[in-house]
**Student:** 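The structure follows.
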Amino acid sequence: MTEMEKVYNPSELEKRIYADWEQGGYFAPSGAEKAFSLVIPPPNVTGALHMGHALDETLQDILVRWHRMLGDSTLWVPGTDHAGIATQNVVEKKLAAEGRSRHDYGREKFIEEVWSWKKRYGDRITGQLRLLGASCDWSRERFTMDDGCSRAVREVFVGLYQKGLIFKGLRIINWCPRCHTALSDVEVNYRDNAGKLWHLRYPLAGDSKRFLIVATTRPETLFGDTAVAVHPEDERYRDLIGQEALLPLTDKKIPIIADEYADREFGSGAVKITPAHDANDYEVGRRHALPSVTVLDASGIMNENAPMRYKGLTREKARDLVISDLEEAKLLHSIQDYQNKLSVCYRCDTVVEPRLSPQWFVDMPRLAAPAVEAVRSGKIKFYPERWSKVYFDWMENIREWCISRQIWWGHRIPVWYCECGEIICAKETPAVCPKCGSDRLRQDEDVLDTWFSSALWPFSTLGWPQKTADLKKYYPTSALVTGYDIITFWVSRMIALGLAFMKKPPFHKVVIHGLIRDEQGKKMSKSTGNAVDPVELIREYGADALRFTLASMASAGGQDLKLSAHKVLASRNFMNKLWNVARFALLKLADNRFAPEKSLADEWILSRYQQIINKTTDALQKFYFGEMAQGLYDFVWSEFCDWYIEMSKLGLHKETLLAVLNGILRLLHPLAPFITEELWGRLGNAGRIINASWPAADIRLINKSRETRMAIVIELVKAVRNIRSEMNIAPGKKADLIVLYSKDAVNEALTEAKTYIQQLAGVEKIDLAARLAAKPRNSSHAVLDGAEVFVPLDNLIDLQAEIARLEKEKQKYEDEISWLKKKLTNKNFIEKAPPEVIDKEREKEKNCAEKYRIVDEQLKALKIS
RNA sequence: GGGCUUGUAGCUCAGCCGGUUAGAGCGCUCGCUUCACAUGCGAGAGGUCCACGGUUCGAAUCCGUGCAAGCCCACCA
């Protein structure tokens, strides 16, 4: 055993210990029968660790370390996501800084560029996971675009295609004019927008003096209008149905049609129909066989279908010009302020354009049914349970999932087109067309939604489609730990595809936690500058402190977590406390003078320790991380350090100290792996704590009578300390104690614990008596449960201070008694409350009354003197 | 428009199945170089548990309504 440094220095030891674990192969599963497995929600490969990851990974690592200590064959699969659009955007931005675009490179070269980017930054986030202490099995590290995952993607695609569950279709999809790609419904965010509703006048073709007023938020799309719709039962327009209107600013005529989609209550009741630029209008267009005219190109620029004057303008510029032109033409009826929502791209925040285009879709409505059933039947459970509602709401209203993206970085769609018209969907690149034999095949240009490969993650990472040993042993995984924000993106799709291809759900438990917010409760983001960097916090306070903080904030309800450096500081202080108590233990153990027998303090702490084992284990089973952390914090600081250690200074029982201290280290290890490993070693334990066994409570050591006795001692010490402090007894000055007891338990407790009291309360002489000839004069006074305590003061007592103290005390008892009296004289209470409750209240009343009597007596005596 | 969550000490929160003198951390006040720790020790101050109803012998805890805050979902131009 070496002497410990006085200062706890996390950064040095954390680095050393992680390397030791990794080199020692401690993260790989060992051969036990029972399996526990997690797959990491893969962070973006070129990203940096943010607070959300830190929380997610901490919670997973807690479970993993706990199960490893339980002796399970524990596997945590790490990996990263290629993050199609996000990564491509980052690389494009870099190229743009050099004045180039991806088109200057061409597809092949550009992808090479992204791969080299990936190689350069791919290690950053995994390195940061190591800093956090994540004990994942790095030998099994995966990437969503590695060979295995890519093979799984093709296998699933082809499988779904053959069943008709993947198909290509012409739809209005969400199009990001900046990313130049389609997006799925979940990739669109909504933003409140203080916009305008423009009321336009469309002249009638038959009578250009008459107008139809249509209301729109998107006047620039009017060039794509191919009809105006009114409600079929709208009396105002009945005569116009079948006639034509003149499209303003053009020489086009468009039909006036009847469709129930037109809302009579809204605006004038007539609505312009732009099938190519609005999903609803598209449906109307289909019902009425209207043509679709696209007026905006892929970048959101007006194209040749708009009059020359507008061609080449952005959406925004075109809108302004259209409005001013309409005004000039006296075709603008009115403008109204209008609150609506803008759809924006979740990657770049650009306003999304509904766009008609051919895309690939997964038939989610068909795949969703078994996925809903799995949760409904309880095969998969959400923790907390309420999140299953979000899941159901999503899955039961699920729509087709648009999976094709018009970007280059990603899994290329495994579909080839032959000149002969044949479409070939295959796992491997076909050499020739099976129909005509031509070798001139052209692969589909699109890549798949990033979330497509993520959806396969629980089984692709375990080796599927190969029948690997890992797959057999570790699928289904034991749990999924993630934030509620990706239930729709990820959880739902993993469940659906896991069931479709593995016939078993990918996990049985979904542990949902809240999102990290700043001190004000705002979302952390780089752009607002309120993001706290976990790596910075680790550097400053240590990974253990950060982990402990995150875990203790993860409440059972899964609320969002407001993080501040203050909290991490408090956790760091706790680690420091732990460090020092171990230091104390080492000093004492080197001393080599031990008490031969267990004392009251030993029996008490052993009893308390058994209970904290159970409490910690319980909390873990329920995924109550906050409760786990809080419980251990209180036990270690307020019981073990404040009382047991202080008492053990009078005579240390070596076995007890070591048992409890080592137990604490093991219980804390999942939360604070580094310091516990370090101290475990310093205390001379064999092996590593990372694979030490999880403590099991020995209920024979739970001893309530010793706990009761200790409670008496603590109560007395606190009472004396209070007197010392309030009566200004100098800290170094020893006091005397006269205890007048009315319960034998007090006499026994104080007799047994005499030396503790002397030490902890700064007391010299203790006189215990069942009765006194006269109560001591010139003393400060306290009343306990079953005893009266006098602390004689050698200089004249400050009467006013003492009276004030006792008056306060008296008031407290008075309040409580009146409350209890009211209760106990309530007939209903006596008749209906359970007898044990009544007894308890009676007992309380008796005790209070007695204490009140004593304090009152003492006060009277003081006032006379 | 639908749904969810939250409202407890100055701040951040814990209080699960109703009976606690309503707790913790930070902050605050007072006193301490007590030989593990001033990243510490001891003692305190501070709360009509958002409001109003209801259920109950009994509610911070269950139910309803209202107010306030936040989030998610939804194709009304």
Side-chain angles (χ1 to χ4, degrees), chain A residues 4 6-8 172 190 197 214-218 229 261-263 265-267 270-274 278-283 338 340-341 343 354 386-387 389-390 393-394 397 484-485 487-488 514-515 517 519 521-523 541 545 552-553 555-564 566-567 569-588 622 624 626-627 630 633-634 638 641-642 645-646 649 718 721-726 728-732 759-762 812-813 815-816 819 823 826-834 836-838 840-841 844 848:
Chain A
M4 282 174 65
K6 190 167 178 183
V7 177
Y8 161 57
I172 293 270
Y190 295 94
L197 189 61
V214 300
T216 180
T217 54
R218 307 244 8 226
Y261 165 67
D263 180 350
E265 309 297 317
F266 192 94
V271 55
K272 67 198 260 313
I273 301 297
T274 324
D278 183 281
N280 288 309
D281 292 7
Y282 182 70
E283 288 308 311
Y338 192 66
N340 65 344
K341 293 246 160 82
S343 326
R386 69 187 162 90
W387 290 110
K389 193 171 160 40
V390 173
D393 287 350
W394 176 250
N397 297 297
Y484 60 77
D485 54 332
I487 292 174
T488 51
L515 269 32
R517 300 180 172 268
E519 278 174 282
K522 292 204 193 81
K523 243 183 196 162
Y541 304 105
S552 51
M553 290 195 307
S555 70
Q559 306 309 345
D560 286 349
L561 300 77
K562 285 180 209 166
L563 184 82
S564 76
H566 291 108
K567 292 178 184 170
L569 181 75
S571 301
R572 195 279 313 266
N573 294 351
F574 179 56
M575 297 304 144
N576 183 62
K577 188 77 182 170
L578 203 61
W579 179 265
N580 276 291
V581 77
R583 206 156 71 91
F584 167 80
L586 276 177
L587 289 173
K588 283 288 176 182
K622 294 188 209 142
Y624 289 178
E627 201 166 281
Q630 197 57 51
Y633 183 96
D634 291 342
S638 311
C641 291
D642 287 353
I645 290 293
E646 290 307 320
K649 286 175 179 172
K718 288 193 160 183
R721 282 172 173 174
N722 174 276
I723 288 173
R724 295 188 63 111
S725 179
E726 303 243 316
N728 287 318
I729 300 175
Q759 167 91 355
L760 298 178
K812 202 176 82 185
Y813 294 130
D815 292 348
E816 205 178 340
W819 162 250
K823 219 171 180 180
N826 183 341
K827 233 188 294 165
N828 286 325
F829 176 70
I830 301 300
E831 277 165 23
K832 295 185 180 166
E836 61 272 22
V837 171
I838 297 173
K840 222 172 107 190
E841 299 300 301
K844 261 197 245 169
C848 271

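Predicted model only: the values in this text are computed from it and were never measured. Convention: sequence-line order gives letters A, B, ...; per-chain numbering from 1.
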**Student:** Name the closest nucleotide to the A:D263 side chain, picking from B:rG3, B:rA77, B:rU39.
**Tutor:** B:rA77
**Student:** Counting side-chain heavy atoms from C-beta on, which of B:rC75, B:rG25, B:rU12 comes nearest to A:Y190?
**Tutor:** B:rC75
**Student:** At their closest point, which heavy atom of A:L197 faces which heavy atom of A:Y338, and how far apart are they?
**Tutor:** N-CB, 3.6 Å
**Student:** Does B:rA36 have OP1 or OP2 under 4.0 Å away from a side-chain N or O of A:K649?
**Tutor:** yes
**Student:** Here's a test of your reading of the structure: between A:R721 and A:P731, which maps to the more 5' nucleotide of RNA chain B?
**Tutor:** A:P731
**Student:** Is A:R583 reaching over with its side chain to a backbone N or O of A:V7, donor-acceptor style, under 3.5 angstrom?
**Tutor:** no
**Student:** Roughly, in whole Å, what's the span from CG in A:D815 to P in B:rG47?
**Tutor:** 14 Å
**Student:** Between B:rU21 and A:K844, is there an OP1 or OP2 to side-chain N/O distance shorter than 4.0 Å?
**Tutor:** yes
**Student:** Can you tell which of B:rG44, B:rC71, B:rU12 lies closest to the side chain of A:K567?
**Tutor:** B:rU12
**Student:** Of all the heavy-atom pairs spanning A:L760 and A:E646, show the shortest one and how long it is.
**Tutor:** CD2-CB, 3.5 Å
**Student:** Side chains of A:Y190 and A:N340: do they bring a donor and an acceptor to under 3.5 Å?
**Tutor:** no
**Student:** Considering only atom C1', compute the distance from B:rG66 to B:rU21 and round it to an integer number of Å.
**Tutor:** 33 Å
**Student:** Considering only the P atoms, how many Å lie between B:rC71 and B:rG31, rounded to the nearest integer?
**Tutor:** 46 Å
**Student:** Ignoring hydrogens and geometry, is there a side-chain-to-backbone donor-acceptor pair from A:R517 to A:L563 under 3.5 Å?
**Tutor:** no
**Student:** Starting the side chain at C-beta, find the nucleotide from B:rA77, B:rC13, B:rA74 nearest to A:Y338.
**Tutor:** B:rA77
**Student:** Test the A:K649-A:F584 pair against the cation-pi criterion, namely NZ or CZ under 6.0 angstrom from the six-membered ring centroid and within 45° of the ring axis.
**Tutor:** yes
**Student:** Write down the distance between CG (A:D393) and P (B:rC73), rounded to a whole number of angstrom.
**Tutor:** 11 Å
**Student:** What is the distance, rounded to the nearest whole Å, between atom CD of A:E627 and atom C1' of B:rA14?
**Tutor:** 9 Å
**Student:** Mind checking the C1' distance from B:rC63 to B:rU55? Whole angstroms is fine.
**Tutor:** 7 Å
**Student:** Taking the side chain of A:N573 as heavy atoms from C-beta outward, which of B:rA38, B:rU20, B:rU39 is closest to it?
**Tutor:** B:rU39
**Student:** Side chain of A:F584 only, heavy atoms from C-beta on: which candidate in B:rC73, B:rA77, B:rA36 is closest?
**Tutor:** B:rA36
**Student:** Which value, rounded to the nearest 0.5 Å, describes the distance between A:T274 atom OG1 and A:N280 atom CG?
**Tutor:** 11.0 Å
**Student:** Mind calculating the distance between CD1 (A:I645) and P (B:rA36) to the nearest angstrom?
**Tutor:** 10 Å
**Student:** Within this structure, what is the CG-to-P distance between A:D281 and B:rC75, rounded to whole angstrom?
**Tutor:** 14 Å
**Student:** Could you tell me which nucleotide pairs with B:rA68 by Watson-Crick or G-U wobble geometry, both distances under 3.5 Å, or answer none if nothing does?
**Tutor:** B:rU6
**Student:** Would you say B:rU39 has OP1 or OP2 under 4.0 Å from some side-chain N or O of A:Y541?
**Tutor:** no
**Student:** Under 4.0 Å between a side-chain N/O of A:Q559 and OP1 or OP2 of B:rU5, yes or no?
**Tutor:** no
**Student:** Determine whether any donor atom in the side chain of A:E265 lies under 3.5 Å from an acceptor atom in the base of B:rA77, or the reverse, and answer yes or no.
**Tutor:** no
**Student:** Which nucleotide, B:rC41, B:rC57, B:rA38, lies nearest any side-chain atom of A:D642?
**Tutor:** B:rC41
**Student:** Answer yes or no: does a side-chain N or O of A:K577 lie under 4.0 Å from OP1 or OP2 of B:rC41?
**Tutor:** yes
**Student:** Would you mind classifying the nucleic acid contact of A:P834 as base, sugar-phosphate or nothing, using non-hydrogen atoms under 4.0 angstrom?
**Tutor:** base
**Student:** Which whole number of Å gives the distance between the P atom of B:rC30 and that of B:rC62?
**Tutor:** 41 Å
**Student:** Quick one: is B:rC73 close enough that its OP1 or OP2 comes under 4.0 Å of any side-chain N or O from A:N397?
**Tutor:** no
**Student:** Measuring only the C1' atom in each nucleotide, how far is B:rG3 from B:rA74? A whole number of Å is fine.
**Tutor:** 10 Å
**Student:** Heavy atoms only, 4.0 Å cut-off, all strands: where does A:Y633 land among base, sugar-phosphate and nothing?
**Tutor:** sugar-phosphate
**Student:** When only distance counts, do a donor and an acceptor, one from the side chain of A:K389 and one from the base of B:rC4, lie under 3.5 Å apart?
**Tutor:** no
**Student:** For A:M575 and B:rG40, what is the distance between atoms CE and P respectively, to the nearest whole Å?
**Tutor:** 13 Å
**Student:** Base, sugar-phosphate, or nothing for A:V7, non-hydrogen atoms under 4.0 angstrom?
**Tutor:** base
**Student:** Between P on B:rU39 and CH2 on A:W579, what's the gap in Å once rounded to a whole number?
**Tutor:** 17 Å
**Student:** Could you check which of B:rC26, B:rU5, B:rG19 has an atom nearest any side-chain atom of A:R386?
**Tutor:** B:rU5
**Student:** Ignoring backbone atoms, establish whether A:K588 has a side-chain N or O less than 4.0 Å from OP1 or OP2 of B:rA36.
**Tutor:** no
**Student:** Assign each of A:N826 and A:T488 to its nearest nucleotide of RNA chain B by heavy atoms, then name whichever residue's nucleotide is nearer the 5' end.
**Tutor:** A:N826
**Student:** Starting the side chain at C-beta, find the nucleotide from B:rA77, B:rA43, B:rA36 nearest to A:S725.
**Tutor:** B:rA43
**Student:** Base of B:rC57, side chain of A:N828 - is there a donor-acceptor contact under 3.5 Å?
**Tutor:** no
**Student:** On a whole-Å scale, what distance lies between the C1' atoms belonging to B:rA36 and B:rA14?
**Tutor:** 29 Å
**Student:** With C1' as the reference atom in both, quote the distance from B:rG10 to B:rC28 in angstrom, rounded to an integer.
**Tutor:** 9 Å
**Student:** Can you name the closest pair of heavy atoms from A:V271 and A:A262 and give their distance?
**Tutor:** CG1-CB, 3.9 Å
**Student:** Expressed as a whole number of Å, how far does the P atom of B:rG23 sit from that of B:rC32?
**Tutor:** 29 Å
**Student:** Determine the minimum heavy-atom distance between A:M575 and A:Y8, stating which atoms define it.
**Tutor:** CB-CE2, 3.4 Å
**Student:** Over how many whole Å does the gap from A:I273 atom CD1 to B:rA77 atom C1' extend?
**Tutor:** 8 Å
**Student:** Taking the side chain of A:R517 as its heavy atoms from C-beta onward, which of B:rC71, B:rU5, B:rA74 lies nearest to it?
**Tutor:** B:rC71
